[in-house]
Amino acid sequence: MYRHLEQRLSRRLAQFLQHNYPDADLPAVVIEQPPRIELGDFAIPMFPFAKPLRAAPIKLAEIIRAGMGTIEGIAEMQVVPPGYLNVRMDRAWVARALTPERKPQQRVSPDKILVEHTSINPNKAAHIGHLRNAVLGDTFVRLLRYTDRQVDVQNYIDNTGVQVADVVVGFTHLQKKSFSEIETLTRQPGFDYYCWDLYARVSQWYEQDERNKLARTATLHAIEDAASETSAIADLISTAVLRRHLETMDRLDIEYDFLPRESEILHLHFWDAAFAKLKDAGVLTYENEGKNKGCWVMRRAGTGKSRSGEPPANSPGASACERALEEEDQKVIVRSNGTVGYVGKDIAYHMWKFGLLGRDFGYRKFYRYPNRHECWISAAEGEKDHPHFGGVAEIYNVIDARQSEAQSTVIEALRGLGHNEAADHYTHFSYEMVALTPRCAAELGYRLSEEDKTRPYVEVSGRKGFGIKADDLLDRLIISAKSEVDARHPSLRDAERQSIAAQIATGAMRHFMLKYTKQSVIAFDFKEALSFEGETGPYAQYAAVRATSIFKKAGIDADAFSAEIANKMSPADFATFLNGENGIEF
RNA sequence: GGGCGCGUAGCUCAAUUGGAUAGAGCACGGGAUUUCUAAUCCCGGGGUUGCAGGUUCGAUCCCUGCCGCGCCUACCA
């Protein structure tokens, strides 16, 4: 409604100016919101018109105010120095217009939006960095759904990469465990924590002796063969950890619709289909010599334009120096041994997202939330009846800023294939990482170098097992919330106090992750995160609960109260009430 | 070296994308409240927006050049 009025105002003013100054070349009308509500609901700065109309801004405002006449929905206009025309809307008119039968139909795009977030490597427990991703993604999804958009939430699972391979190495090489022993372990609580520690130990083991890394390479290869036992172990581990991730995120009310896995991208030959198209379109070129000899490469994203106009570096006159520069600009997509890197798989995956690949996943039910919502997973052979994912017009990838280059490479590839429409609707929802303050790292018992101690923050590292696990943080928040609830409400049953504490904790967590702009690094500190006063989630919850309490104390049910107002009062009376002029009391 | 981002009160962060007196929370100072069901309320001090130029009616925001910090820049995923 506000926007509706704003547009009407803008149109009328443009007409007025056009009519009175037909010869002037005028900029578009800009409407702003005044800094304080007392100044009005809309503010129109006159400054842009001052020069072309050769009049002082304030004078101009007066001319317009006198000449405009009345506009439906606008109560009054006011000239304010140094050159604003401030406009107050007619609140009674707005309130009448807001009654359900008159609410202007909002046009909502029927196109489905695909949001990808979380996407944690399924080889260890989730940490605070993953929480930021999931909370940002989930909140964005909620906002989209609030505006009636159709959204599919996807959580991409890289279950065939080195990170999973490393944990497999831990079980098979360091611990010499059999398939069935590992299977027993996956059923124990805290399997993701177990893997967290094991992963850190494997990383150390690699550092002890370079030759130990041979185990990684062998394991990585074995995983790609779907029939091997190693592959079965990898699947066992990654699936168990994945379930833990879903449980952790469910504590924050974060759910997913579909979990596409890299193993299916591999086994259903998504890459082969993409590779053929990329070669045909000339997006990928084969290198016959130089550093990248034998590889299929792509020009690095974002560097192409600045080089156009120069002769190609491999032309006869090109110097060795230019040649080297050209190689720097190349991104290897297919290695000389014929295997494809992760960017290649990502290109194929994104072609699927936009329905441009000509292939589809199989789908299986995987996880059922307590509210009966079903989360699906990719499968080589799927169930017969399944919902349809992919083939959307618009996507958002919630991925941290470190991946921005890879993301633009994928967008570049889509453009190269001629899918400009898709590339334009591909948004990298980029955000910065969560790091730890040196003090926080010390609290956790990590030894910091003298250099690290002077830094504003230190980056977490899964390889070193250095970081704060998501569940640990949530547990700590619940404990401190619980002790407050215990002290304040001793008469409540313990289960109820526990449930209240959990709600306060998740609110605190979600608010903490959202209170920063996404492009600033969060330097995590327990003191800040566990604080429940000031600008925090618990404070916002407190305010809402207090308002409800006041209703309760007065013997009025808040929901019934608002329903009653809607029933008993005519829209006109309600409008008068909102205006607050007659001091109606209830 | 190149690319992306950041630099604002003592600390942690905002600022509707170029608008009116740069705002919050913590901390600090002062006052109120003595508690019947979610964690009290009010007031105050505190700023050369990293530095130097430029663009214009107007710059925390755009441009140029510096300074400082972080991330990315693998035939790893």
Side-chain angles (χ1 to χ4, degrees), chain A residues 30 32-36 39 43 45-51 56-57 80-84 86 121 123 158-166 213 216-217 220 262 287 291-297 300-303 306 325 328-343 345-346 400-406 408 430-433 435 437 454-459 480-481 484-485 487-492 497 500-501 503-504 508 512 515-525 527-529 531-536 538-539 541-546 548-549 552-553:
Chain A
V30 175
E32 293 167 354
Q33 207 173 339
R36 291 187 307 278
L39 290 167
M46 290 292 121
F47 313 111
F49 305 108
K51 211 172 203 177
V80 183
Y84 287 95
N86 286 348
N121 280 313
N123 74 326
D158 178 7
N159 57 346
T160 61
V162 280
Q163 312 234 19
V164 170
D166 285 345
K213 285 194 177 166
R216 170 197 272 177
T217 317
L220 210 44
E262 187 151 286
E287 285 294 295
K291 188 178 92 169
N292 296 329
K293 183 179 176 184
C295 298
W296 287 88
V297 301
R300 197 177 289 281
T303 56
S306 60
L325 270 173
E328 275 303 299
D329 278 354
Q330 290 175 350
K331 177 86 198 153
V332 172
I333 306 295
V334 180
R335 304 180 193 110
S336 55
N337 65 5
T339 58
V340 58
Y342 94 106
V343 181
K345 288 177 232 173
D346 222 20
D400 85 70
R402 285 172 288 193
Q403 306 260 15
S404 64
E405 188 168 303
S408 22
S430 163
Y431 66 95
E432 271 293 349
M433 61 179 172
T437 60
T454 65
R455 290 170 196 248
Y457 48 80
V458 264
E459 198 175 347
S480 56
E484 288 287 341
V485 177
R488 285 158 206 265
H489 308 286
S491 61
L492 291 176
R497 293 200 301 265
I500 291 170
Q503 287 178 57
I504 292 171
F512 179 80
K515 69 186 243 188
Y516 302 90
T517 48
K518 62 192 179 65
Q519 67 268 27
S520 73
V521 177
I522 296 181
F524 181 85
D525 190 85
K527 190 168 153 257
E528 188 97 7
S531 162
F532 286 172
E533 267 162 30
E535 269 188 342
T536 64
Y539 184 81
Q541 288 176 318
Y542 164 71
V545 168
R546 277 297 291 268
T548 317
S549 288
K552 211 187 270 173
K553 203 166 174 180

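From a predicted model like this one, the values you see are computed outputs, not experimental measurements. Per chain, numbering begins at 1; letters A, B, ... match sequence-line order.
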Could you tell me the separation between the [atom1] atom of [X] and the [atom2] atom of [Y], rounded to the nearest 0.5 Å?
X	Y	atom1	atom2	result
A:Asn123	A:Asn159	CG	CG	11.0 Å
A:Glu287	A:Ser336	CD	OG	12.0 Å
A:Ile522	A:Thr517	CD1	OG1	9.0 Å

Taking the same atom, [atom1], in [N] and in [M], what whole-Å distance lies between them?
N	M	atom1	value
B:U49	B:U8	P	12 Å
B:U56	B:C66	C1'	24 Å
B:C61	B:C51	P	11 Å
B:G10	B:A74	C1'	43 Å
B:U55	B:A9	C1'	29 Å
B:C26	B:G45	C1'	16 Å
B:U64	B:C4	P	11 Å

| Glycosidic class, syn or anti, of B:C36 using a 90° window around 0 | syn
| query | Under the rule syn = chi within 90° of 0, otherwise anti, which is B:U17? | reply | syn
The side chain of [X] is closest to which nucleotide in this list: [options]?
X	options	answer
A:Tyr516	B:C72, B:C75, B:A14	B:A14
A:Pro456	B:C69, B:A15, B:A38	B:C69
A:Tyr84	B:A14, B:A20, B:A38	B:A20
A:His489	B:C72, B:U37, B:A20	B:U37
A:Val162	B:A38, B:C76, B:A15	B:C76

| task | Output all residues satisfying ring-ring contact (aromatic ring centres under 6.0 Å, His included) with A:Tyr516, sequence neighbours left out; order by chain, then residue number. | result | A:Phe512
| note | Sorted by position of nearest nucleotide on RNA chain B, 5' first, the leading residue of A:Ala43 and A:Val485 is A:Ala43
| Upstream residue (5' side of RNA chain B) when A:Val334 and A:Arg402 are each assigned their closest nucleotide | A:Arg402
| field | Per-nucleotide protein contact string for nucleotides 24-30 of chain B (B base, S sugar-phosphate only, - none; heavy atom under 4.0 Å) | value | BSS----
For atom [atom1] of [X] and atom [atom2] of [N], their distance in whole Å:
X	N	atom1	atom2	result
A:Lys291	B:U73	NZ	P	13 Å
A:Asp166	B:C76	CG	C1'	10 Å
A:Asn123	B:C76	CG	C1'	13 Å
A:Lys331	B:C72	NZ	P	13 Å
A:Lys518	B:C13	NZ	C1'	17 Å
A:Ile522	B:A14	CD1	C1'	14 Å
A:Tyr431	B:C72	OH	C1'	15 Å
A:Phe512	B:U12	CZ	C1'	9 Å

| field | Backbone N/O of A:Ala401 and side chain of A:Ser404: donor-acceptor pair under 3.5 Å | value | yes
| said: Whether A:Arg455 contacts B:C69 is assessed here as follows: a side-chain N or O lying under 4.0 Å from the phosphate OP1 or OP2. Is that the case? | reply: no
Base, sugar-phosphate or nothing for [X]? Non-hydrogen atoms, less than 4.0 Å.
X	answer
A:Ile504	base
A:Tyr542	sugar-phosphate
A:Lys213	nothing
A:Val332	sugar-phosphate
A:Asn159	nothing

| field | A:Asp400 and A:Tyr431, any side-chain heavy atoms less than 4.5 Å apart | value | yes
| Dot-bracket for RNA chain B, 5' to 3', with Watson-Crick and G-U pairs under 3.5 Å, [ ] for crossing pairs and | for other-strand pairs: what is it? | (((((((..((((.....[...)))).(((((.......))))).....(((((..]....))))))))))))....
Anything under 3.5 Å between a protein N or O and an N or O of nucleotides 4-7 of chain B, put it in a table, one pair a line.
unit_1, atom_1, unit_2, atom_2, d
B:G5, O2', A:Gln519, O, 3.4

| query | Can you tell which of A:Val164, A:Asp158, A:Val162 makes a side-chain contact (heavy atoms from CB on, under 4.5 Å) with A:Thr160? | reply | A:Asp158
| remark: Taken in chain and number order and not counting sequence neighbours, the residues that satisfy salt bridge (charged side-chain N to carboxylate O under 4.0 Å, His left out) with A:Arg216 are A:Asp166
Are any protein N/O atoms closer than 3.5 Å to N/O atoms in nucleotides 57-61 of chain B? If there are, list each pair with its distance.
unit_1, atom_1, unit_2, atom_2, d
B:C57, OP1, A:Lys51, NZ, 3.4

| From CA spacing to verdict: salt bridge (Lys or Arg N to Asp or Glu O under 4.0 Å), A:Glu262, A:Lys345 | CA-CA 8 Å; A:Glu262 187 151 286; A:Lys345 288 177 232 173; 3.2 Å; yes
